[in-house]
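So the structure is just underneath, and the comments pick up after that.
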2 protein chains.
Amino acid sequence: MRGPVRTRTARAKAARPSPGAARQAAPAAVDLGPLGGFIGYRLRRAQLAVFAGFELALREIGLTAGELSVLVVIARNPGLTQSDVCAALAVQRANFTPLLHALEADRLAIREVLPADRRSNALRLTCHGREVLARALALHERLEKRITACLGEAGRTQLIGLLRKLETL
Amino acid sequence: MRGPVRTRTARAKAARPSPGAARQAAPAAVDLGPLGGFIGYRLRRAQLAVFAGFELALREIGLTAGELSVLVVIARNPGLTQSDVCAALAVQRANFTPLLHALEADRLAIREVLPADRRSNALRLTCHGREVLARALALHERLEKRITACLGEAGRTQLIGLLRKLETL
DNA sequence: ATAATTAGTTATGCTAAATAACAACTGAGT
DNA sequence: ACTCAGTTGTTATTTAGCATAACTAATTAT
């Protein structure tokens, strides 16, 4: 069963110093060479950290980053079709279907067949969906706060600007 | 067979205007709402673009981003163990094994059992590996050039600094 | 009508990433 | 010398993200 509130895998095993632990010699500081200057590498490492933070922040709601993004877009643009959302978020239509069905199964969103064009569905949030979204956004806000604390307000704004430019590469 | 030069999937289908093409009404500009300010979202979009650029740039060599990063690290730090590389690149040891074996099968790297500790392997590049790495780095340079053209030299430096900060979130 | 397109779906494959379990090996303490 | 906890690399398995091809149903152009 996949309710709107899902508990992910329980992590955190509390790494004890452990008695017979062989104390690691200083990690020897591996030289990354040119890799450290690769934007792609830095993006991957940063994304790993941010996504870990995301999962931590939204654990109690149990929404995926992808699911949250879809909820936000539907909330802001009720009546969009699946293709519209897919185009907006750069998701393949084929991959969007199961994601949306999951949201529907959780009673967060509904697909409404349009009489005008019976091929496409108008997407809307349920009341419950709006509530969950509001909670999720509040939780997510904490993550962004953490990021702002890490980068500074100016740094955060700069970063977004730079990443947006990269998207048009 | 998986040679050092692999041709990935052939894309680029040249979207023709096509005769009976229904001219899309203006895409209606979906409102992303707060999503546009999510660092995680921006990271994903940027990474998509950069990785697409990576694949394009390295197509003729056929190295994965992960593979290239491993080659760079081994080249710079000959004799590292698998665990060392994994720690340096934030890769699971279990996932590293097949990656390394692929590099070995392509005669780019070798595993040398240490008499001192017969559990671990010292990793080195073959001559061929060094050659391929040099070519790969040259090709990758083009990508970084494109990125610099997109962000400016200052922007590129800023971005790397900001992403590094994010890694420690 | 008929041909071409579009919207959504299904099936499938690939890669990255995570986890658990295991054998071989090491080293520290008794 | 021996035990035992810990490490190294491996295998197997699972999951998520992204991609492509092929299909149905509905729509539009000619």
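Only this structure's heavy atoms are used, side chains among them; waters, hydrogens and symmetry mates stay out. Keep in mind that this is a model prediction, so the values were computed, not measured. Below, chains carry the letters A, B, ... as their sequence lines are ordered, and counting in each starts from 1.
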Which part of the nucleic acid, if any, lies within contact of A:D117, taking any heavy atom under 4.0 Å across all strands shown: a base, the sugar-phosphate backbone alone, or nothing?
sugar-phosphate
Looking across every strand, which nucleic acid part, if any, lies under 4.0 Å from A:A87 by heavy atom: base, sugar-phosphate, or nothing?
nothing
Go through it in stages, so that I can follow the logic: the residues are A:L159 and B:L166, the test is side chain to side chain contact (heavy atoms under 4.5 Å, CB included), and I'd like the CA-CA distance, side-chain angles, deciding distance and then a yes or no.
CA-CA 10 Å; A:L159 179 58; B:L166 266 188; 3.6 Å; yes
Mind calculating the distance between [atom1] ([X]) and [atom2] ([N]) to the nearest angstrom?
X	N	atom1	atom2	result
A:L114	C:dT6	CG	C1'	14 Å
A:F96	D:dT20	CZ	C1'	19 Å
B:Q82	C:dC25	CD	C1'	15 Å
A:L63	D:dA16	CG	P	14 Å
A:L99	C:dT9	CG	C1'	15 Å
A:Y41	C:dA16	OH	P	15 Å
A:E67	D:dA16	CD	P	10 Å
B:E55	D:dC18	CD	C1'	11 Å

If you compare every side-chain N and O of [X] against the phosphate oxygens of [N] (OP1, OP2), does one of them come in below 4.0 Å?
X	N	answer
A:H101	C:dG8	no
A:R119	C:dT9	no
A:T97	C:dT9	yes
A:Q92	D:dA19	yes
A:S120	C:dT6	no
B:R118	C:dT26	yes
B:T64	C:dT15	no

Are A:E55 and A:R59 within salt-bridge range, i.e. N to O under 4.0 Å?
yes
If each of A:A94 and B:R93 is mapped to the nucleotide of DNA chain C with the nearest heavy atom, which maps nearer the 5' terminus, i.e. the 5' end?
A:A94
If you assign each of A:A122 and A:L48 to its closest nucleotide in DNA chain C, which residue comes earlier from the 5' end?
A:A122
Between B:S83 and B:N95, who's closer to the 5' end of DNA chain D by nearest nucleotide?
B:S83
Which heavy atom in A:E144 sits nearest to a heavy atom in B:I39, and how many Å separate them?
OE2-N, 3.2 Å
B:L123 versus B:T81: any side-chain heavy-atom pair under 4.5 Å?
no
Measure the shortest side-chain to side-chain distance between B:P78 and B:L125 over non-hydrogen atoms and say whether it is less than 4.5 angstrom.
no
Among side-chain atoms of B:Q82 and B:N121, is any donor-acceptor pair under 3.5 angstrom?
yes
Does the C:dA7 base have a donor-acceptor partner in the side chain of A:N121 within less than 3.5 Å?
no
